[in-house]
Amino acid sequence: MANIQDFSGYDPTWCPGCGDWGIGVAIKQSLVQLGLDPSSVAAVFGIGCSGNMNDFLNAYAIHSLHGRSLPNAIGIKIANHKMPVIAIVGDGDCFGEGGNHLIHACRGNHDITVIVHDNGVYGLTTGQVAPTAQKGFKSKSTPSGILEIPINPLALTITSGATFVAQSFAGDVLHTISMIKAGIQHRGFSIVNILQPCVTFNKVNTYQYYLQRVYKLGTDYNKADFRTAVNKSLEMNEERFPLGVIYQSLRPTYTDQLSQLNESTLIDKKRFTDFDKIVKSFI
Ligand SMILES: Cc1ncc(C[n+]2csc(CCOP(=O)(O)OP(=O)(O)O)c2C)c(N)n1
Ligand code: SF4
Ligand SMILES: [Mg+2]
């Protein structure tokens with residue numbers, strides 16, 4: 001059985017105190033606790049401080065283009081639907097550049113797990129505002145404050161068709177592990193939005209800020225009820241941050257509905273090489 005060292009790549013270069021450290025440990029621990037090893041899981045990274053984890057996590061991985069990690073993850077899943085596939089992305093990557101892909105991944109119920117480092121800024125490019133920042137957030141790119149209202153990652157994904165939507169806080173590694181594990185174990189599209197302080201470029205959403213506003217869902221919370229989940233997710237708009245599985249339901253995944261995959265995965269199928277036959281059919 002693999003251990004955390006097996007999943008460890010190069011030493012991380014994140015700033016001291018960055019929430020990404022907690023997320024990095026949580027992802028590795030989750031994979032170990034699920035009994036996976038570096039060759040039995042595929043990881044796709046976006047571009048950003050979050051995406052730099054491509055070098056720090058030892059697994060079959062693609063460091064994809066900015067905003068394009070989800071289509072890559074979906075492609076891998078369709079090629080080998082037996083393999084767990086995770087996409088590790090930033091909030092800019094996932095809700096900004098890749099927002100279109102996110103919506104369609106949700107409605108397709110593609111069986112991948114998206115792990116979002118939600119820090120409200122474009123960290124790697126030194127702190128421009130990102131889509132989850134509160135209205136009025138001042139940054140290099142918005143010196144007078146951002147005019148738009150924030151994306152609500154929970155409400156957006158629940159209403160777009162995601163079948164597992166969870167939230168955790170990078171300062172609570174044990175809870176983050178439990179959310180990532182539950183997301184990977186879920187059959188269908190899963191997303192774990194992780195509230196992640198960027199200690200260098202985001203002086204608003206600090207550890208202190210989150211500690212005053214996060215709370216864990218109680219055991220009486222009904223995560224299977226769609227309307228309850230939508231209402232719960234809207235608390236984000238009032239800067240209250242529920243932690244836990246906000247919504248979970250089951251419906252056939254994308255690959256469940258592809259009869260071509262009933263007998264075997266695409267990669268196990270015999271390769272078609274008789275191209276002459278096709279050409280001749282047109283002559
Ligand atoms: C197509 C494209 N546009 C812009 C960039 C420049 N760029 C690199 S990282 C980044 C922002 C990353 O922000 P986020 O996804 O929130 O990740 P974080 O660094 O905060 O973890 C941008 C805009 C790029 N590499 N490619
Ligand atoms: S810039 Fe922000 S997100 Fe990037 S490593 Fe530093 S603290 Fe973390
Ligand atoms: Mg970011």
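One-based numbering, in listed order, for ligands and for the atoms of each. Since this is a predicted model, take the numbers as computed values, not measurements.
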Please indicate whether [X] has more than 12 foreign heavy atoms, meaning atoms of other residues, nucleotides or ligands, lying under 6.0 Å from its [atom1].
| X | atom1 | result |
| --- | --- | --- |
| I149 | CD1 | no |
| Y210 | OH | yes |
| R107 | CZ | no |
| E263 | CD | no |
| K203 | NZ | yes |

*Honestly, is R213 close enough over Y215, meaning NZ or CZ under 6.0 Å from the six-membered ring centre and within 45° of the axis?*
no
Sub-6.0 Å ring centroid separation between [X] and [Y]:
| X | Y | result |
| --- | --- | --- |
| Y10 | F56 | no |
| F241 | F169 | no |
| F189 | F164 | no |

Heteroatom distance test ([X], ligand 1): nitrogen or oxygen, under 3.5 angstrom:
| X | answer |
| --- | --- |
| A130 | no |
| G92 | yes |
| Y122 | no |

_Rounded at 0.5 Å granularity, tell me how far CD in E235 sits from CG in N152._
10.5 Å
Please state which protein non-hydrogen atom is closest to [atom] and give its distance, to 0.1 Å?
| atom | answer |
| --- | --- |
| atom 19 (O) of ligand 1 | C49 N, 2.8 Å |
| atom 23 (C) of ligand 1 | H66 NE2, 3.5 Å |
| atom 25 (N) of ligand 1 | I47 CG2, 3.9 Å |
| atom 15 (O) of ligand 1 | D93 N, 2.7 Å |
| atom 7 (N) of ligand 1 | T125 CG2, 3.5 Å |
| atom 16 (O) of ligand 1 | D91 OD1, 2.7 Å |
| atom 21 (O) of ligand 1 | S50 OG, 2.8 Å |

_At less than 4.0 angstrom from any non-hydrogen atom of V199, what atoms of ligand 2 do you find?_
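Once the distances to V199 are compared, the set is 7 (S).
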*For Q196, is the nearest heavy atom under 4.0 Å from an atom of ligand 2?*
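Q196: in contact with ligand 2 (<4.0 Å).
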*Listing residue and atom name, which protein N/O/S atoms are closer to atom 4 (Fe) of ligand 2 than 2.8 Å?*
C49 SG
*asked:* Tell me how many protein N, O or S atoms are within a distance shorter than 2.8 Å of the Mg ion (ligand 3).
replied: 3
*asked:* Restricting to side-chain contact (heavy atoms from CB on, under 4.5 Å), what partner residues turn up for Q5, sequence neighbours left out?
replied: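 Counting only residues at least two positions away or on another chain, Q5 forms a side-chain contact (heavy atoms from CB on, under 4.5 Å) with N3, S8.
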*State, without any angle test, whether S190 and T113 hold a side-chain donor-acceptor pair at a distance under 3.5 Å.*
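There is such a pair (donor and acceptor under 3.5 Å, judged by atom type) between the side chains of S190 and T113.
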*Full working for side-chain hydrogen bond (donor to acceptor under 3.5 Å, both in side chains) between T228 and N222*: CA-CA 7 Å; T228 302; N222 184 3; 5.3 Å; no
*Proximal ligand 1 atoms for G123, defined as those under 4.0 Å from one of its heavy atoms*: 18 (P), 19 (O), 20 (O)
*With a 4.0 Å heavy-atom cut-off (strictly under), which part of V121 contacts ligand 1: side chain, backbone, both or neither?*
backbone
Listed pairs under 3.5 Å, donor-acceptor, residues 271-283 side chains, sequence neighbours left out:
residue	atom	partner	partner atom	Å
D274	OD1	K277	N	3.4
S281	OG	I278	O	2.5

*Is there a salt bridge (Lys or Arg N to Asp or Glu O under 4.0 Å) between K216 and D172 once you walk through the steps?*
CA-CA 11 Å; K216 286 190 182 133; D172 187 340; 2.8 Å; yes
*How are the rings of Y122 and H66 set relative to one another: parallel (under 30°), tilted (30 to 60°) or perpendicular (over 60°)?*
perpendicular
